[in-house]
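For reference, the structure discussed in these notes is given below.
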Amino acid sequence: PHSRCHTIRHIAAAPSLRNVSTHYYSAGYSLADFSYARAKDHTLPYIDPVIFRSILPAGFDAAYIGWEADRIDKTRAICDFPLAYDHLDVCTDQIYQAERSVSQPINCGRCNKCIRTLIEIEAFAALDRFPKAFDLSRWQSERRHAIPILAKSKDPIDQKAVKLLRSREGRKSFFSSFRGAQPKAT
């Protein structure tokens with residue numbers, strides 16, 4: 001899937017860019033999350049800085065930006081960034097991306113990354129700002145099923161997003177109806 005190989009795909013595309021000597025890449029994880037074990041168990045971006053330095057073609061430099069903040073801090077920032085309201089693109093569902101019409105939202109709202117982002121945006125009470133990026137009515141009807149799926153993920157960033165929403169909604173609200181869906185306390 002996209003989440004396991006996107007770093008390498010971006011690096012592979014670098015040589016096709018003419019007159020570009022620096023490849024700017026947004027960090028998926030903070031420096032504090034850097035971990036070979038997590039990369040092995042979950043996804044390669046946990047070690048992006050090493051991958052970039054190891055396999056970026058000769059003549060290219062990598063500017064790995066944004067790793068001083070974690071994903072929740074980044075989402076908090078975009079909630080107050082008007083350009084993101086219409087153009088935020090986090091979706092990893094390649095079929096949706098290939099088949100969607102221009103009248104459909106940019107993001108599928110169903111892949112883990114979309115669900116995680118929606119949870120975080122909702123926790124910051126900013127969902128109404130993103131009607132072009134996500135189908136918000138579909139999210140409202142499907143969130144009851146989507147959130148427990150993400151809550152079962154073992155990826156630490158998924159667990160952080162669910163924990164954030166749980167802390168904003170309170171323990172007895174949404175998660176009380178899903179015994180097995182609550183992430184373990186860390």
Side-chain angles (χ1 to χ4, degrees), residues 1-3 6-7 24-35 38 42-43 45-46 48 64-93 96-97 100 103-186:
H2 171 84
S3 63
H6 63 85
T7 301
Y24 293 92
Y25 197 75
S26 177
Y29 298 88
S30 70
L31 182 57
D33 292 324
F34 184 90
S35 168
R38 286 182 182 163
H42 302 293
T43 183
Y46 279 108
D48 273 353
Y64 194 68
I65 57 174
W67 66 344
E68 69 282 353
D70 69 11
R71 186 165 302 279
I72 290 174
D73 291 334
K74 291 176 186 178
T75 304
R76 182 183 298 118
I78 64 160
C79 287
D80 293 322
F81 188 60
L83 189 61
Y85 304 162
D86 294 342
H87 303 287
L88 179 64
D89 185 351
V90 299
C91 188
T92 61
D93 183 335
Y96 176 82
Q97 292 294 318
R100 79 174 183 90
S103 64
Q104 290 178 294
I106 297 167
N107 301 286
C108 74
R110 293 184 177 138
C111 68
N112 267 24
K113 194 168 180 186
C114 283
I115 294 169
R116 182 175 57 234
T117 304
L118 281 160
I119 287 172
E120 292 168 355
I121 292 171
E122 183 173 328
F124 295 121
L127 270 179
D128 62 326
R129 299 176 195 166
F130 293 88
K132 290 185 180 177
F134 297 97
D135 182 339
L136 299 179
S137 61
R138 186 173 70 207
W139 170 247
Q140 290 304 323
S141 67
E142 294 181 2
R143 76 184 287 278
R144 182 170 181 82
H145 303 289
I147 294 172
I149 291 168
L150 196 70
K152 291 177 185 176
S153 169
K154 298 202 184 311
D155 192 327
I157 64 166
D158 292 342
Q159 292 174 6
K160 285 179 185 178
V162 173
K163 186 177 179 180
L164 172 69
L165 184 61
R166 187 174 65 186
S167 71
R168 300 290 168 122
E169 289 190 342
R171 284 202 174 276
K172 292 195 169 196
S173 64
F174 178 79
F175 289 96
S176 62
S177 61
F178 296 101
R179 288 184 180 215
Q182 291 188 28
K184 293 179 183 176
T186 55

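Keep in mind it's a predicted model, so treat the numbers as computed, not measured.
- With sequence neighbours left out, Asp70 forms a salt bridge (Lys or Arg N to Asp or Glu O under 4.0 Å) with no residue at all.
- Look at Arg110 and Glu142 and you find a salt bridge, because one of the NZ, NE, NH1 or NH2 atoms lies within 4.0 Å of a carboxylate O, short of that distance.
- To the nearest 0.5 Å, atoms NZ (Lys160) and CG (Asp155) are separated by 9.5 Å.
- Arg76 meets the salt bridge (Lys or Arg N to Asp or Glu O under 4.0 Å) test with Asp73; sequence neighbours excluded.
- In this structure, Asn107 contributes its side chain and Ala133 its backbone to a donor-acceptor pair below 3.5 Å.
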CA sep, side-chain torsions, deciding dist, call: Ile115, Ile149, side-chain contact (heavy atoms from CB on, under 4.5 Å): CA-CA 9 Å; Ile115 294 169; Ile149 291 168; 5.5 Å; no
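- Within the structure, ring-ring contact (aromatic ring centres under 6.0 Å, His included) pairs that include any residue of residues 103-125 do not occur (at least two apart or interchain).
- Between the CZ atom of Arg71 and the CG atom of Asp158 there is a distance of 9.0 Å, given to the nearest 0.5 Å.
- Inter-residue side-chain proximity for Arg143 and Leu165 is flagged as met; some heavy-atom pair is nearer than 4.5 Å.
- Looking at Gln159, its side chain never comes within 3.5 Å of a backbone N or O of Ala151 through a donor-acceptor pair.
- Note that CD of Glu120 and OG1 of Thr117 are 6.0 Å apart. Values are rounded to the nearest 0.5 Å.
- In this structure Lys74 satisfies the salt bridge (Lys or Arg N to Asp or Glu O under 4.0 Å) test with no other residue, sequence neighbours excluded.
- Here the straight-line distance linking atom CD1 of Ile121 with atom SG of Cys114 works out to 9.5 Å at 0.5 Å rounding.
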Exercise answer: donor-acceptor pairs, residues 79-91 side-chain atoms, under 3.5 Å, sequence neighbours excluded:
{"residue": "Asp80", "atom": "OD1", "partner": "Arg129", "partner atom": "NH1", "Å": "3.1"}
{"residue": "Tyr85", "atom": "OH", "partner": "Cys79", "partner atom": "O", "Å": "3.0"}

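- Between the CG atom in Asp93 and the CG atom in Asn112 there is a gap of 11.0 Å [rounded to 0.5 Å].
- Residues passing the side chain to side chain contact (heavy atoms under 4.5 Å, CB included) test with Asp135, sequence neighbours excluded: Pro105, Ser137, Arg138.
- How far CG of Leu164 is from CD1 of Ile72: 4.5 Å, rounded to the nearest 0.5 Å.
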side-chain contact (heavy atoms from CB on, under 4.5 Å) assessment of Gln140 paired with Leu127: CA-CA 10 Å; Gln140 290 304 323; Leu127 270 179; 3.6 Å; yes
CA sep, side-chain torsions, deciding dist, call: Lys132, Ile106, side-chain contact (heavy atoms from CB on, under 4.5 Å): CA-CA 7 Å; Lys132 290 185 180 177; Ile106 297 167; 5.8 Å; no
